[in-house]
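First the proteins, then the strands, lettered A, B, ... as listed; each starts at 1. Small disclaimer: the values here were computed from a predicted structure and weren't measured. We use all heavy atoms of the structure for the numbers below, so side chains are in, but hydrogens, waters and symmetry mates are not.
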Amino acid sequence: MKGAGLCRIVPGMMDDPFDLSDDFLPEPVPAADRRARPSWLDGLNPEQLQAVTTTEGPLLVLSGAGTGKTRVLTTRLSHILAQRLAPPWGCLCVTFTNRAAREMRERVGQMIGPVAEQVWLGTFHALGVRILRRHGELVGVRAGFTILDSDDQNRLLKPLVEQAGVDLKKWPLPALMGIIQRWKDRGWLPDAVSKSEASRDAANGRMVELYTAYQQRLHEVNACDFGDLLLHCLTLFRTHPEVLASYQQQFRYILVDEYQDTNVAQSLWLRALALGHRNICCVGDDDQSIYSWRGAEVANILRFEHDYPGAQIIRLERNYRSTPAILGAASGLIRHNSDRLGKDLRAAGDAAQERGDRVAIHGLWDGEAEARWVVDRIDDQQRAGVSLASMAILVRAGFQTREFEERLIMTGTPYRVVGGLRFYERAEIRDAVAYLRLIEQPADDLAFERVINTPKRGLGDAALQTIHLAARAEGVPLLTAARRLLDTDEMKPKPRKALAQFVAMIDEWAALRSAMGPGELTGQMLAESGYLDMWKKDRSPEAPGRVENLQELVAALEEFDSLTGFLEHIALVMENDAKAGQGAAVTVMTLHAAKGLEFDVVFLPGWEEEVFPNRRALDDGGLKSLEEERRLAYVGLTRARKRVFVTHAANRRVFNQWQNNLPSRFIEEIPDEMKEVSSDTGLMAGSHGRSESWSSWNGQWDTSRPPSTGWQERKARFNDREGLSWQGAGKKASSQPSLQRGDRVVHDKFGYGDVVITDGDKLEVMFDTVGRKKVVASFVTVVPDPE
DNA sequence: ATCTTGGCCATTTTT
DNA sequence: TGGCCAAGAT
């Protein structure tokens with residue numbers, strides 16, 4: 001009986017949730033087979049051990065940075081499975097990022113084998129999709145629904161805002177979208193938006209109206225945004241208690257990572273599911289809560305005991321990652337926050353053996369000097385035997401990566417930027433995916449709009465307008481309206497013929513869907529639609545790369561056995577692995593992206609007032625935001641195992657203006673005995689011969705000064721000093737050695753390359769990364785041959 | 001219908 | 001500084 005139940009219920013086959021009666025419980029491991037202390041528990045410290053083995057009842061694990069949080073989670077899951085306390089599909093394991101989900105799956109797989117595949121493990125959003133794929137119809141989400149990214153969301157909302165007569169200048173789309181998302185984060189549907197909610201007043205007081213219309217449109221095109229993936233689940237749980245009950249019964253154990261980053265909707269989602277067996281284990285660190293701007297509520301962690309009466313709490317405070325000096329610096333800093341549960345990190349294990357180098361704080365003149373200094377230190381470290389892969393530059397905001405990239409390119413240091421454009425955010429991929437979406441989901445108006453005239457088919461604004469009108473009049477999707485228009489003479493013959501062809505192609509591919517795999521189908525689609533040809537004919541420098549990306553897309557699709565599965569994957573988890581460089585490279589990324597990672601050596605640039613703590617954050621959040629910024633600083637410091645370099649620049653060019661900033665207050669907050677402060681600003685002036693322009697300089701740049709006398713000159717001088725000439729600045733081009741075919745050159749934008757053709761001052765260069773380009777000779781610098 | 005120009009705006013963090 | 005959108009030219 002029990003065995004039969006086990007066989008029948010396999011993930012993907014559980015079409016009827018009512019099947020999940022008591023008989024799904026696994027065979028318990030006979031007492032004789034249970035070892036007193038299974039080997040996977042070896043090497044855990046007492047607190048970790050307790051966190052792993054306290055399987056029954058609600059448990060909150062407060063886990064400071066570097067205390068083995070991931071290890072606890074993976075071991076706990078393995079322990080539950082290995083002891084047969086539940087079958088794999090009886091475990092729900094929620095992470096915050098796809099990366100964390102992947103890692104956990106791998107590690108658990110290594111510990112206990114392939115059964116790990118069957119655990120319900122993923123991000124909140126991915127798990128929400130999984131539930132909605134099965135039960136979405138009950139709450140108005142039809143099969144094959146589309147998941148929208150932020151770009152799609154804006155395009156959906158825009159016409160609604162215009163119709164409502166709201167000025168887009170005054171109320172920028174992203175701001176309005178943000179308000180809707182914050183409401184969704186709190187689990188509010190339009191009629192649940194609280195009357196006292198301040199952001200109701202946005203968009204001339206029509207915000208709720210817009211939200212309602214937006215949800216209506218989502219329903220019409222059968223799409224969900226990220227928030228909906230949870231919100232619809234909550235509605236499902238509320239309106240269909242029998243469905244909820246089946247999940248409650250199924251999930252005997254629930255594990256949650258990064259609990260401090262959950263929002264209200266997520267915590268409600270968890271609580272609904274956990275109310276069955278009440279075996280929920282949440283791991284988190286209130287000191288690392290850095291996503292409140294996105295709706296995360298530290299309150300969730302603070303009120304855990306209230307939400308789950310009788311909860312146990314375990315603190316993990318032994319840090320195995322960082323030296324005592326780094327931990328001291330981090331602890332000293334975070335002590336300035338008032339709103340915390342309070343933990344004391346102690347160095348333990350190997351890291352505790354020596355005190356370690358103090359945190360180096362270094363002041364520089366400007367952002368460029370800072371980048372140069374940082375990259376010089378990277379060189380030093382590398383020479384001292386630290387591998388590039390174990391170093392990272394962590395910045396506050398994405399745009400700050402640029403100056404470091406430029407410098408790293410110049411010096412030829414391999415690097416990778418995490419979190420740039422994702423693969424699926426590239427235009428060509430989005431176009432191709434839009435075709436696929438339209439095949440999969442004919443109601444997807446956003447996809448229709450995107451591809452109707454891509455490549456050009458002579459169906460421009462006028463034609464689209466006609467289709468829109470027809471669609472609105474009849475209340476049908478654009479593709480349906482287009483089809484009906486073909487039977488009338490409302491369109492001129494030319495566009496009509498083009499439209500007929502377009503519709504016929506879509507129909508043809510849709511018919512082929514069952515006959516061939518998604519990879520093959522996509523290949524055919526790209527060829528027949530003319531989309532691939534469009535890029536092949538394109539002479540612009542990036543076109544070949546786009547063709548390659550499309551080929552890569554087809555290859556990726558081969559891995560899937562259904563289009564549906566692929567579309568879900570691409571919306572939720574497709575990552576930028578296209579240029580995930582092989583070989584060692586310095587990592588450049590934002591502090592947010594660095595959470596959960598660790599490096600031997602960490603560089604933390606831009607520690608200045610206004611930049612970090614970030615002015616805008618402070619403006620709209622006051623003290624609460626300051627504390628979040630401080631937590632961000634704490635996250636940065638605690639990423640390092642051995643060494644931290646903090647830098648600050650006196651001057652920074654922001655837009656077109658020079659702005660001078662004071663060192664960040666966070667620097668002062670690091671205890672003196674944990675830091676070592678130095679500054680370059682005096683030294684640079686003295687070390688540079690002609691110092692008059694330096695010594696008379698008052699620390700501020702006159703923005704009205706023509707660039708040639710200030711900025712460019714300084715730039716040239718800096719580069720001269722290092723033996724690199726900067727031809728772009730002046731007449732020094734004569735000193736440029738004549739270039740010839742085969743010369744190795746470096747360009748400040750395109751990086752390294754080999755000269756292919758010379759023609760006076762014009763060159764054609766084959767660049768290593770961006771391919772063949774025409775450039776002016778004065779913009780490249782010859783690189784001495786290393787051989 | 002597509003290409004070009006000029007004015008405007010902006011930079012926080014992301015599943 | 002540059003990237004984006006809206007309005008003009010061919």
Side-chain angles (χ1 to χ4, degrees), chain A residues 94-101 122-129 147-151 153-154 158 168-170 172-175 177-178 181-182 184-185 224-230 257-258 261-263 265-266 289-296 367 394-403 406 418-422 424-425 453-464 494-495 498 568 571-576 589-595 606 610-621 625 628-629 631-633 635-636 652-659 703 707 711 749:
Chain A
V94 195
T95 62
F96 201 66
T97 63
N98 293 306
R99 191 187 67 215
T123 62
F124 280 102
H125 303 280
L127 294 163
V129 169
I147 299 161
L148 301 189
D149 62 21
S150 62
D151 199 60
Q153 291 178 41
N154 285 335
K158 190 174 175 193
L168 279 164
K169 289 256 161 30
K170 212 171 153 209
L173 230 29
M177 212 49 246
Q181 286 188 101
R182 291 299 79 77
K184 290 190 174 187
D185 288 341
C224 291
D225 64 19
F226 281 110
D228 285 345
L229 299 177
L230 291 158
D257 193 11
E258 309 279 17
D261 287 330
T262 54
N263 60 37
Q266 287 162 338
S289 159
I290 54 175
Y291 282 102
S292 74
W293 49 273
R294 195 177 119 175
L394 308 181
V395 296
R396 170 69 240 266
F399 68 89
Q400 293 175 277
T401 60
R402 220 189 66 205
E403 55 191 0
E406 283 171 2
V418 175
L421 250 202
R422 276 169 252 238
Y424 75 90
E425 280 169 350
N453 204 26
T454 321
K456 309 275 184 259
R457 312 189 158 83
L459 294 167
D461 287 345
L464 192 56
K494 232 182 182 170
E568 181 181 308
L572 286 173
V573 296
M574 198 71 185
E575 286 175 83
N576 186 21
M589 64 180 149
T590 65
L591 286 161
H592 283 88
K595 195 175 63 162
E610 312 278 291
V611 177
F612 189 39
N614 182 276
R615 158 108 165 284
R616 290 178 73 104
L618 259 46
D619 281 351
D620 49 53
S625 297
E628 179 145 322
E629 294 285 299
R631 289 194 291 269
L632 208 43
V635 167
R652 224 170 256 288
R653 193 177 43 164
V654 43
F655 309 139
N656 209 9
Q657 294 198 320
W658 283 95
Q659 165 187 314
T703 53
W711 167 241
K749 249 216 175 86

Presence of salt bridge, A:Asp228 and A:Lys184, under 4.0 angstrom = yes

Would you kindly give the CG-to-P distance between A:Leu173 and C:dC4, to the nearest whole Å?
-> 15 Å

Looking only at side-chain atoms of A:His125, point me to the closest of B:dT15, B:dT14, C:dA6.
-> B:dT15

Nearest-nucleotide pick for A:Lys158, side chain only, options being C:dT1, C:dA6, B:dT14 = C:dA6

Any stacking of A:Trp293 on B:dT13, going by centres under 5.5 angstrom and planes within less than 30 degrees?
-> yes

Grab the CD1-C1' distance between A:Ile147 and B:dT14 for me, whole Å please.
-> 16 Å

A:Lys595 has an atom NZ; how far is it from atom P of B:dT13, in whole Å?
-> 16 Å

Think A:Lys595 forms a cation-pi with A:Tyr291, using NZ or CZ under 6.0 Å from the six-ring centre and within 45 degrees of its axis?
-> no

Residues which pass salt bridge (charged side-chain N to carboxylate O under 4.0 Å, His left out) with A:Arg652, listed by chain and number, not counting sequence neighbours = A:Glu370, A:Glu403, A:Glu608

Contact check, side chains of A:Arg631 and A:Ser289, non-hydrogen atoms, under 4.5 Å | yes

Any A:Gln659 side-chain heavy atom under 4.5 Å of A:Arg653 side chain = no

Looking across every strand, which nucleic acid part, if any, lies under 4.0 Å from A:Tyr291 by heavy atom: base, sugar-phosphate, or nothing?
-> sugar-phosphate

5′-ward residue of the pair A:Ala617/A:Ser150 relative to DNA chain B = A:Ala617

Nucleotide B:dT13, atom P - distance to CZ of A:Arg294 in whole Å | 13 Å

Distances for protein N/O vs nucleotides 1-5 of chain B N/O pairs under 3.5 angstrom?
residue, atom, partner, partner atom, Å
B:dA1, OP1, A:Gly460, N, 3.2

Geometric class of the A:Trp293/A:His592 ring pair [parallel <30°, tilted 30-60°, perpendicular >60°] = perpendicular

Given atom CZ of A:Phe399 and atom P of C:dG3, what is their separation to the nearest angstrom?
-> 15 Å

On DNA chain B, check which nucleotide each of A:Gln181 and A:Leu618 is closest to and give me the residue with the more 5' one.
-> A:Leu618

Between A:Leu148 (CG) and B:dT14 (C1'), how many Å, whole number?
-> 16 Å

Quickly work out the A:Asp151 CG to B:dT14 P distance and round it to whole Å.
-> 17 Å

Starting at CG of A:Asn263 and ending at P of B:dT14, how long is that distance when rounded to a whole Å?
-> 16 Å

Nearest heavy-atom pair of A:Cys224 and A:Leu229: which atoms, and what distance?
-> CB-CD2, 3.8 Å

